[in-house]
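See structure below.
Sequential numbering from 1 along the given sequence is applied to the chain's residues. Below, all heavy atoms of this structure are taken into account, side chains as well, without hydrogens, waters or symmetry copies. The structure presented is a predicted model; accordingly, all values stated were derived computationally and were not measured.
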Amino acid sequence: MALLSFDCGTTNFKAAIFNARLGRLAEYARPTPYTLQNPERAEMDPEAVWDCARTVMVEACRAAGITPRALRRLSFTSQAQTFAVFA
């Protein structure tokens, strides 16, 4: 069993893989894909965010030596955008 945790951060979009005892197996990060970012506002294209999420998931799984099919739980979190979702 493996858990994938996404962190949609202000600077980087990260994914980490944990085992059943919550030991970290691997992680991967890419820059968060903004279409507009300045001191007043930031915008993200949903397709670009989805592509980024898929990439960090696949690369984190590769680093952990597992396939995405081995994932049994997902979590999404972000401090700056203030949300947390667990499934």
Side-chain angles (χ1 to χ4, degrees):
M1 190 204 81
L3 162 74
L4 173 72
S5 182
F6 285 112
D7 177 9
C8 184
T10 303
T11 304
N12 289 303
F13 197 113
K14 301 169 281 292
I17 307 285
F18 297 88
N19 64 21
R21 294 178 171 242
L22 298 180
R24 187 181 303 196
L25 302 176
E27 59 188 72
Y28 189 81
R30 286 184 67 178
T32 300
Y34 291 100
T35 53
L36 173 69
Q37 184 179 25
N38 61 46
E40 289 82 36
R41 76 190 235 196
E43 294 179 8
M44 298 174 159
D45 174 11
E47 291 293 327
V49 172
W50 176 243
D51 288 342
C52 187
R54 281 193 325 225
T55 298
V56 297
M57 176 189 68
V58 168
E59 294 300 328
C61 286
R62 183 173 293 142
I66 65 172
T67 67
R69 290 183 185 268
L71 299 172
R72 294 295 176 253
R73 299 285 185 266
L74 298 175
S75 71
F76 297 84
T77 187
S78 177
Q79 182 178 0
Q81 290 85 5
T82 63
F83 67 85
V85 179
F86 303 91

Would you say the side chain of [Y] lies within less than 4.5 Å of the side chain of [X], judging by non-hydrogen atoms?
X     : Y     : result
Thr32 : Thr10 : no
Asn12 : Asp7  : no
Leu4  : Met57 : yes
Pro33 : Val49 : yes
Phe18 : Ser5  : yes

Inset, instruction - Could you walk me through whether Leu71 and Cys61 pass side chain to side chain contact (heavy atoms under 4.5 Å, CB included), step by step? - result: CA-CA 9 Å; Leu71 299 172; Cys61 286; 3.9 Å; yes
Legend entry - Transitive ILVMFWY side-chain link Ile66 to Leu74, under 4.5 Å: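 Yes, one cluster joins them.
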Inset, instruction - Indicate the atoms forming the closest heavy-atom contact of Ala60 with Tyr28, along with that distance. - result: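 In terms of heavy atoms, the two residues are closest at N-CB, 3.8 Å.
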Which value, rounded to the nearest 0.5 Å, describes the distance between [X] atom [atom1] and [Y] atom [atom2]?
X     : Y     : atom1 : atom2 : value
Glu47 : Cys52 : CD    : SG    : 13.0 Å
Asn19 : Met1  : CG    : CE    : 8.0 Å
Leu3  : Ile17 : CG    : CD1   : 8.0 Å
Leu36 : Asp45 : CG    : CG    : 12.5 Å
Glu59 : Glu27 : CD    : CD    : 13.5 Å
Phe13 : Arg30 : CZ    : CZ    : 10.5 Å

Inset, instruction - Indicate the ring-plane relationship of Phe76 and Phe6, choosing parallel, tilted or perpendicular according to the 30° and 60° boundaries. - result: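 Answer is parallel, since the angle falls under 30°.
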Inset, instruction - Give a yes or no answer on whether the side chain of Arg72 reaches the backbone of Arg69 with a donor-acceptor pair at less than 3.5 Å. - result: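 Yes.
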